Amino acid sequence: MSRNRSRAARNTSPGRCYTELRLKRARRLLMRTGPSVSEVPVACGLQSPGDFIRLYRTAFGKTPRQQGGRIA
């Protein structure tokens, strides 16, 4: 299936698709004992820690810290 068809099937923009992928990667990182909450947005290609926290809470219903992330 081409990118355009898969995007149309999900009815989302390419930017939103990339954000969703980044947030899923962030969640996987937070569930491990790896990087701190402040390191995760950088590792996932998200610009602002504040935006990351807001997007994460909207997507998963918890803040990154509540998800089990540690503070640096």
Side-chain angles (χ1 to χ4, degrees):
M1 185 182 281
S2 74
R3 274 192 273 171
N4 289 336
R5 284 189 200 167
S6 63
R7 190 178 333 129
R10 287 182 292 213
N11 197 26
T12 59
S13 69
R16 184 66 192 157
C17 287
Y18 283 117
T19 299
E20 289 173 9
L21 290 172
R22 288 177 175 128
L23 288 171
K24 287 177 185 177
R25 181 166 190 256
R27 188 174 198 192
R28 284 192 305 269
L29 288 172
L30 288 169
M31 295 180 116
R32 294 188 213 160
T33 57
S36 68
V37 172
S38 61
E39 296 169 326
V40 171
V42 174
C44 295
L46 295 162
Q47 298 296 321
S48 162
D51 286 343
F52 165 64
I53 292 168
R54 181 183 50 78
L55 289 167
Y56 194 94
R57 184 177 35 226
T58 300
F60 302 115
K62 293 181 177 183
T63 64
R65 189 171 177 194
Q66 291 170 333
Q67 188 69 51
R70 66 181 176 82
I71 303 298

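The analysis underlying the following values was restricted to heavy atoms, covering all of them including side chains, and did not include hydrogens, waters or symmetry mates. On a predicted model such as this, the values are computed, not experimentally measured, just so you know.
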Peer 1: Using the side-chain contact (heavy atoms from CB on, under 4.5 Å) criterion, which residues pair with A43? Sequence neighbours excluded.
Peer 2: R25, L29
Peer 1: Flag the pair I53 / P64 as yes when at least one side-chain heavy-atom distance between them is below 4.5 Å, and no otherwise.
Peer 2: yes
Peer 1: Would you please name every residue forming a side-chain contact (heavy atoms from CB on, under 4.5 Å) with L55, sequence neighbours left out?
Peer 2: R16, T19, L23
Peer 1: To the nearest 0.5 Å, what is the distance between CZ (R57) and CZ (R65)?
Peer 2: 13.0 Å
Peer 1: Go through the steps for T63 and Y56 under the test side-chain contact (heavy atoms from CB on, under 4.5 Å), then give the verdict.
Peer 2: CA-CA 6 Å; T63 64; Y56 194 94; 5.8 Å; no
Peer 1: Measure across V37 and F52 and return the closest heavy-atom pair with its distance rounded to 0.1 Å.
Peer 2: O-CE2, 4.2 Å
Peer 1: Mind checking side-chain contact (heavy atoms from CB on, under 4.5 Å) for K24 and listing every partner two or more places apart, or none if nothing turns up?
Peer 2: R28
Peer 1: What heavy-atom pair brings P41 and P49 nearest, and what distance separates the two atoms?
Peer 2: CG-CA, 4.2 Å
Peer 1: Applying salt bridge (Lys or Arg N to Asp or Glu O under 4.0 Å) as the test, list every pair that has at least one member in residues 43-56; sequence neighbours left out.
Peer 2: D51-R54
